[in-house]
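In what follows, a structure is listed as structure tokens, so that the remarks can point back to it.
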Amino acid sequence: MLDIKVLRDDPERARQGALKKHFPARADAVDRALAVDAELRALIPVLDGMRAEQKQASKRIGALAPAERESFLAEQKAKKVELQKLEQKERELQDGLREALLQVPQVPDPEVPDGKDDAANLEVRRIGEPPVFDFEPLAHDDLAVSRGWLDVERAAQMAGSRNYLLFGDLALLQDAVLRFAVDHMVGKGFTAVDPPLLVRDEVMTGTGFFPGGEEQTYRVLEDGLNLIGTAEVPVTSIHAGEILDEATLPRRYVSRSMCFRREAGTYGKDTKGLYRVHQFQKVEQVVVDAADESKSRAHHEDIVRNSEEVLAALQLPYRVVAVCGGDLGVPQAFKYDIECWMPSRNAYGETHSASRFYDYQARRLKMRYRTTEGRKVIHCHTLNNTVLASPRILIPFVEVHQTADRRVRIPEALRPYLGGRELL
RNA sequence: GGAGAGAUGGCAGAGCGGCUGAUUGCACCACCUUGCUAAGGUGGCGUGGGGUUUUCGCCCCACCGGGGGUUCGAAUCCCCCUCUCUCCGCCA
């Protein structure tokens, strides 16, 4: 969330930010927050004064003579009732302020393109050429079914639509690309993490998914837990509530995990193949560092490059786009998507999403660090990016690398993960 | 799932209704002393909020796992939640 002080100083910035993200209701939350804040700030000095008075009074009680004591107690009791009433009010205001602040989105950076949906995303660069086939290429799912690698009907029988069964070489290929991605990141100094997949509401809130993302989340209400939609959630939360030593920053993590998404409100969208499914595996990179905008920007370029290196190794054509305001989430200040070329769509399709948050998540998570110089306590900055998500990545992989005889060519970098095979 | 014990500042560990935002040790910072690869002394050393000040700063409030409650007054008593440990049961 944003610092209430930032809102006080420049509420218009937060309002305009929410509007740029096409969140009109959340823009209103700015004014709600400020109204509650004003009321709260008027109340606090009054309460503090009353508490100070009470504190002094109660210290004198023991010394009083029994005669005076009784009337004094009666007086204190009366004041206490009044104080409790105001404290109740204070609690309500604090809850109201928090509720409103949680609604206020991170302000998008100036270079975020205007626009209401992904059609307005701006291409930053395009790497690699879409393949030209001298045969009729198949869509990934048709090819996979023909090879006995994929069965969505039986998956739907047991789990509903947007599910899949992977068999044989395709299941092994998935494991190979994921493991390759992890190894690549570990090689760059990232620490591998295997996190909890079921997390508490506060962790969802801390990373900015709640409030707002409840409908997209599989919730285990019986236990008050939520299935994560990305490892970003538990991994960014590792140091929640902590005050880290600046000397130990940045923290770089890479996590391979299952991800679960309800995909509510996407009925009829991307129903063919493995594009939009309820569960998938993802290798995610997360960076936590000191609150320095230029560092955050540098990290952002780094984590995008990391993923581009993986795509280069997998020999997949892709492009990088700057995500527009309307396509940005609540907590992001800026986001790059990487889109791989998907022949069956004759278009680029999103496969990666790289976000920088500045202190928006850290503030919610109460994740701070103590500066080496001056011993100040400051909220951290956080970032994350997909390294690889499967089965979606299998779409470009299988389609781009398919051969005329319905086989799949394996780029050299991946062969060690598939027993040296050059073709599947 | 059942029974019990516990959660205090970076760590260790006292306190168990008012004199405690908190004894003490370690760690850390500053200064002093001694001098030889380290010891001794003094002081400082949590977080958040509000107020005040032209600077250093000063004042007030809150916080002893989290949330309620009892009381004039709670780290200390009561209730709920979370977590940790021990024992029993169950199960991969």
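Residue A:Leu93 contributes atom CG, which lies 14 Å from atom P of B:G50 at whole-angstrom precision. B:G66 atom P lies 11 Å from atom NZ of A:Lys366, rounded to whole Å. To the nearest angstrom, C1' of B:G68 lies 15 Å from CD of A:Glu90. To the nearest angstrom, P of B:G65 lies 17 Å from CD of A:Glu202. Atoms CG (A:Leu43) and C1' (B:A62) sit 14 Å apart, rounded to a whole Å. Atom pair A:Leu47:CG and B:A62:P shows a separation of 10 Å (rounding to whole Å applied). As a whole-Å value, the separation of A:Gln76 CD from B:A74 P is 12 Å. For the pair A:Arg364 CZ and B:G48 P, the interatomic distance rounds to 20 Å; values are reported in whole Å.
Atom name C1', nucleotides B:G67 and B:C56: the rounded distance is 40 Å, in whole Å. B:G9 and B:A22: their C1' atoms are spaced 9 Å apart (whole Å). Rounded to whole Å, the P atom of B:G68 lies 36 Å from the corresponding atom of B:C87. Distance check on atom P: B:A14 versus B:G69 gives 31 Å, rounded to whole Å. To the nearest whole angstrom, the two C1' atoms, one in B:C45 and one in B:C28, are 7 Å apart. Comparing the P positions of B:C63 and B:G73 gives a spacing of 13 Å, expressed to the nearest Å. Distance noted for atom P between B:U24 and B:G41: 14 Å (whole Å). B:G6 and B:A75 have their C1' atoms separated by 15 Å, with the value rounded to a whole Å.
Atom CZ of A:Arg415 is surrounded by more than 12 heavy atoms from other residues, nucleotides or ligands within 6.0 Å.
With B:G68, B:G46, B:G50 as the choices, the nucleotide that has an atom nearest any side-chain atom of A:Arg91 turns out to be B:G68. Closest contact between the side chain of A:Gln54 and the listed nucleotides B:G49, B:G51, B:C72 involves B:C72. Side-chain proximity of A:Arg200 to the nucleotides B:G18, B:C83, B:A62 is greatest for B:C83. For A:Lys80, taking side-chain heavy atoms from C-beta onward, the closest of the listed nucleotides B:G18, B:U71, B:U70 is B:U71. The nucleotide whose nearest atom lies closest to any side-chain atom of A:Arg368 is, among B:C72, B:G50, B:G48, B:G48. Of the candidates B:G69, B:U47, B:G51, the closest approach to any side-chain atom of A:Ile243 belongs to B:U47. The side chain of A:Arg370 approaches B:U47 more closely than any other nucleotide in the set B:C61, B:U47, B:G50. The side chain of A:Arg51 approaches B:C61 more closely than any other nucleotide in the set B:G50, B:C61, B:U47.
For B:G49, its base sits under 3.5 Å from the side chain of A:Asp48 at one donor and acceptor pair at least.
Mapping A:Leu73 and A:Ile4 onto RNA chain B by nearest heavy atom places A:Ile4 at the nucleotide closer to the 5' end. Nearest-nucleotide assignment on RNA chain B puts the 5′-proximal partner with A:Val377, out of A:Gln88 and A:Val377.
Residue A:Arg8 is in sugar-phosphate contact alone, with no base atom involved, counting any heavy-atom pair closer than 4.0 Å across all strands shown. Counting any heavy atom pair closer than 4.0 Å across all strands shown, A:Ala52 reaches sugar-phosphate atoms only and no base atom. Among the protein residues, A:Lys55 comes within range of the sugar-phosphate backbone only, with heavy atoms under 4.0 Å from sugar or phosphate atoms but none that close to a base.
Salt bridge annotation for A:Arg179-A:Asp183: present, with a cationic side-chain nitrogen under 4.0 angstrom from a carboxylate oxygen. Taking the charged nitrogens against the carboxylate oxygens, A:Arg345 and A:Glu399 have no contact shorter than 4.0 Å, which rules out a salt bridge. Using a cut-off of 4.0 Å between Lys/Arg side-chain N and Asp/Glu carboxylate O, A:Glu111 and A:Arg297 are scored as salt-bridged. A:Arg421 has a carboxylate O that lies under 4.0 Å from a charged side-chain N of A:Asp169, or vice versa, which qualifies the two as a salt bridge. Salt-bridge formation is detected for the pair A:Lys272/A:Asp142: a Lys NZ or Arg NE/NH1/NH2 atom is positioned less than 4.0 Å from an Asp or Glu carboxylate oxygen.
Note on A:Gln84: a side-chain N or O is less than 4.0 Å away from OP1 or OP2 of B:U70.
In this structure, the side chain of A:His352 does not engage the main chain of A:Ala389 through any donor-acceptor pair within 3.5 Å.
Under the rule for a ring pair (Phe, Tyr, Trp, His ring centres under 6.0 Å), the partners of A:Tyr417 that lie at least two apart in sequence or sit in another chain are A:Phe180.
For residues 10-19 of chain A, the set of pairs meeting the salt bridge (Lys or Arg N to Asp or Glu O under 4.0 Å) definition, not counting sequence neighbours, comprises A:Glu12-A:Arg15, A:Arg15-A:Asp31.
In RNA chain B, runs of at least 3 consecutive Watson-Crick or G-U pairs, each pair with both distances below 3.5 Å, span B:1-7 with B:82-88, B:10-12 with B:24-26, B:28-32 with B:40-44, B:46-52 with B:57-63, B:65-69 with B:77-81.
A:Asn121 and A:Asp327 form a side-chain donor-acceptor contact under 3.5 Å, judged by distance and modelled atom types alone.
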